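Here the structure comes first, spelled out in structure tokens, and everything after it is commentary.
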Amino acid sequence: MATTEDEKPKLIPTKIFKCKNPDCKVWVRDEFAAASEQSCPICKGPMLRSMRHLPAVQNKPKRQPRKPKSEF
């Protein structure tokens with residue numbers, strides 16, 4: 001089964017955090033990492049900043065709570 005160029009996602013340089021432990025393969029996108037958490041969620045080891053070429057992710061905006069009809 002051959003793939004065409006149209007099917008391949010466009011890769012962009014993305015900031016990530018990756019686990020410093022060579023036995024642990026965990027990494028997380030910078031925008032999804034907790035700001036205060038700089039430890040690996042799996043092995044609890046230290047994380048370091050890095051870059052990786054990844055497909056773009058569309059972050060959905062958080063839904064605002066609906067206003068009651070009486071406020072319209």
Side-chain angles (χ1 to χ4, degrees):
M1 194 172 199
T3 59
T4 63
E5 289 295 320
D6 295 336
E7 294 176 11
K8 293 182 182 179
K10 183 180 177 188
L11 302 179
I12 58 172
T14 307
K15 295 178 186 177
I16 64 164
F17 284 102
K18 65 179 183 177
C19 186
K20 206 170 185 178
N21 183 354
D23 296 330
C24 184
K25 303 294 182 192
V26 172
W27 62 271
V28 64
R29 288 177 186 253
D30 184 38
E31 65 249 30
F32 298 126
S36 61
E37 186 179 330
Q38 295 299 316
S39 61
C40 176
I42 304 299
C43 73
K44 307 301 181 206
M47 302 280 280
L48 66 112
R49 286 184 177 260
S50 186
M51 294 289 285
R52 200 174 261 199
H53 286 82
L54 301 169
V57 174
Q58 289 183 340
N59 293 335
K60 294 182 180 178
K62 292 183 180 178
R63 284 185 71 186
Q64 297 295 323
R66 289 183 135 182
K67 294 181 180 179
K69 288 185 178 182
S70 60
E71 291 184 20
F72 285 119

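Side chains included, hydrogens not; waters and symmetry mates left out as well; all remaining heavy atoms used. Computed from a prediction, not measured in an experiment: that's the story for all the values here.
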Q. If you link I, L, V, M, F, W and Y whenever their side-chain heavy atoms are under 4.5 Å apart, who else ends up in the same group as Trp27?
A.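 For the cluster that includes Trp27, the remaining residues are Ile16, Leu54.
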Q: Run through the side-chain heavy atoms of Ile, Leu, Val, Met, Phe, Trp and Tyr, join any pair under 4.5 Å, and report what else lands in Met51's cluster.
A: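 Direct or chained contacts put Met51 with none.
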Can you list everything that forms a side-chain contact (heavy atoms from CB on, under 4.5 Å) with [X]? Sequence neighbours excluded, please.
{"X": "Asn21", "answer": "Cys19, Asp23, Cys24, Cys43"}
{"X": "Pro22", "answer": "none"}
{"X": "Val28", "answer": "Phe17, Phe32, Ala33, Met47"}

Q: Mind checking the CG-CZ spacing from Asp30 to Arg49? Nearest 0.5 Å is all I need.
A: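 Answer rounded to 0.5 Å: 5.0 Å.
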(Q) I need the Lys20 NZ to Gln38 CD distance, nearest 0.5 Å. (A)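 Lys20 atom NZ to Gln38 atom CD measures 12.0 Å (nearest 0.5 Å).
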